[in-house]
2 protein chains.
Amino acid sequence: MFSKTCEYAIRAMIFIAQKSKDGSKIGIREIAKGIDSPEYFIAKILQELGRKGVVQSMKGPTGGFYLDNSARKTSLATIVKAVDGDNIFSGCGLGLKQCSDKHPCPLHHEFTKIRKDITNMLNKTKVGDLQEELDQKLTFLRRD
Amino acid sequence: MFSKTCEYAIRAMIFIAQKSKDGSKIGIREIAKGIDSPEYFIAKILQELGRKGVVQSMKGPTGGFYLDNSARKTSLATIVKAVDGDNIFSGCGLGLKQCSDKHPCPLHHEFTKIRKDITNMLNKTKVGDLQEELDQKLTFLRRD
DNA sequence: TCTATAAAAGATATTTTTGTCTTTTATTTC
DNA sequence: GAAATAAAAGACAAAAATATCTTTTATAGA
């Protein structure tokens, strides 16, 4: 469904939301541990998300990653688009370039439904909401 | 959603269903052209599907690939499982190993719904049905 | 202003996926 | 049975995704 890169990105965003909700910042090493991802790899990913304004960061001592109030409202759709592009939102399920409502591939109509559900879900789900469920221990990012 | 390998596999299966419905067989070269895929690559994929009994084939002159009556009833789920494994049916959306109903990842519940829809769709959709729609020119596998 | 810290940037390495080519085996037709 | 055909099998190659390491830049705090 998502690339590994995207999975890490989503996990990291939720984790950062959680750890920075008191205004503090969280470092790469802790993020990597917290979401069980390769340290250097998630660093690269967050760098890119930072460039796109999806996550905030500060260099230097007491620096690290954090989410401002607006970033907490980021939808999963925004993250997925930033990392994986919009193939999942609009690409053909069978990989055809010329697939459309007018010239549908054999799976087009079935896929349209599913894609709509996925899109809705990703649009309505915000990082901040997921973080709250995590806080209440209703969900988990690792073994714990 | 699916790997490229899987996309080619599904497209090839539908195409073979169409070209072999009169009992004839169709060669790799024509399949590759018909579904717009790399020739040697789809050959490999069909080899593997042949080994698993998903597609039938014959060597030698007048040989080629075809689908018998039971193979026409193959669901997309069977093809996807044979090629991509069952990650799409059961894997965690965020890539967590220990994700389950009891120990859900932040997206677990939302994903459960979507995965159920996808699974249902793949289970109920049969190669033969897709081939018929293709025959009626209701859907397409290439530009045409 | 100097030092320590932590992210940014850039380079490199590994693995997986995708794609290609060559040789072998089975089958048909003559 | 020999020649031609087409898939099977095995080896190889390229590209993309994933992962790691090194150097640079910004910032805080002494």
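Note that the structure is predicted; figures quoted are calculated from it, not measured. Chain letters run A, B, ... following the sequence lines, proteins first and then strands; every chain starts at 1.
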May I ask you to say what [X] touches in the nucleic acid, namely base, sugar-phosphate or nothing, with a heavy-atom cut-off under 4.0 Å?
{"X": "A/Ile28", "answer": "sugar-phosphate"}
{"X": "B/Ile42", "answer": "nothing"}
{"X": "B/Arg29", "answer": "nothing"}
{"X": "A/Ile26", "answer": "sugar-phosphate"}

Rounded off to whole Å, could you give me the [atom1]-to-[atom2] distance for the [X] and [N] pair?
{"X": "A/Tyr40", "N": "C/dT12", "atom1": "OH", "atom2": "C1'", "value": "13 Å"}
{"X": "B/Lys52", "N": "D/dA8", "atom1": "NZ", "atom2": "C1'", "value": "16 Å"}
{"X": "B/Ile16", "N": "D/dA6", "atom1": "CD1", "atom2": "C1'", "value": "14 Å"}
{"X": "B/Ile45", "N": "D/dA8", "atom1": "CD1", "atom2": "P", "value": "13 Å"}
{"X": "A/Leu46", "N": "D/dA19", "atom1": "CG", "atom2": "P", "value": "14 Å"}
{"X": "B/Glu39", "N": "C/dG19", "atom1": "CD", "atom2": "C1'", "value": "12 Å"}
{"X": "B/Asp84", "N": "C/dT16", "atom1": "CG", "atom2": "P", "value": "16 Å"}
{"X": "A/Glu48", "N": "C/dA7", "atom1": "CD", "atom2": "C1'", "value": "15 Å"}

[X] side-chain proximity, nearest of [options]:
{"X": "A/Lys4", "options": "D/dT18, D/dT20, C/dT20", "value": "D/dT18"}
{"X": "B/Phe41", "options": "D/dA11, C/dA8, C/dG19", "value": "C/dG19"}
{"X": "A/Thr62", "options": "D/dA28, D/dA4, C/dT25", "value": "D/dA28"}

Point to revise | Side-chain N,O (A/Thr5) to OP1/OP2 (D/dT18) below 4.0 Å | key: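 Yes.
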**Study point:** Parallel, tilted or perpendicular: ring planes of A/Phe140 versus B/His103, cut at 30 and 60 degrees
**Key:**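 Parallel.
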Review point. For A/Gln47 and A/Gly60, take the nucleotide of DNA chain C holding the closest heavy atom to each; which residue's nucleotide lies nearer the 5' end?
Key: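 The residue whose closest nucleotide sits nearer the 5' end is A/Gly60.
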Review point. Are B/Lys97 and A/Asp36 ion-paired here, with the side-chain N under 4.0 Å from a carboxylate O?
Key: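 Not counted as a salt bridge, because no side-chain N and carboxylate O are separated by less than 4.0 Å.
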Review point. Is A/Glu48 salt-bridged to A/Lys52, going by a charged N under 4.0 Å from an acidic O?
Key: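 Yes.
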Check your understanding: With respect to A/Lys25, which candidate in A/Gln56, A/Met58, A/Lys19 satisfies the side-chain contact (heavy atoms from CB on, under 4.5 Å) definition?
Key ->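 Answer after filtering A/Gln56, A/Met58, A/Lys19: A/Met58.
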Point to revise | Of B/Lys59 and A/Lys44, the one whose closest DNA chain D nucleotide lies more 5' | key: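 Counting from the 5' end, the first nearest nucleotide belongs to B/Lys59.
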Check your understanding: Which residue, B/Phe65 or A/Tyr8, contacts DNA chain D at a nucleotide closer to its 5' end, judged by nearest heavy atom?
Key ->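 Looking at the nearest nucleotide for each, B/Phe65 comes out on the 5' side.
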Review point. Taking atom CG of B/Asp22 as the centre, does the number of heavy atoms from other residues, nucleotides or ligands within less than 6.0 Å exceed 12?
Key: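 Buried by this count: over 12 neighbours within 6.0 Å.
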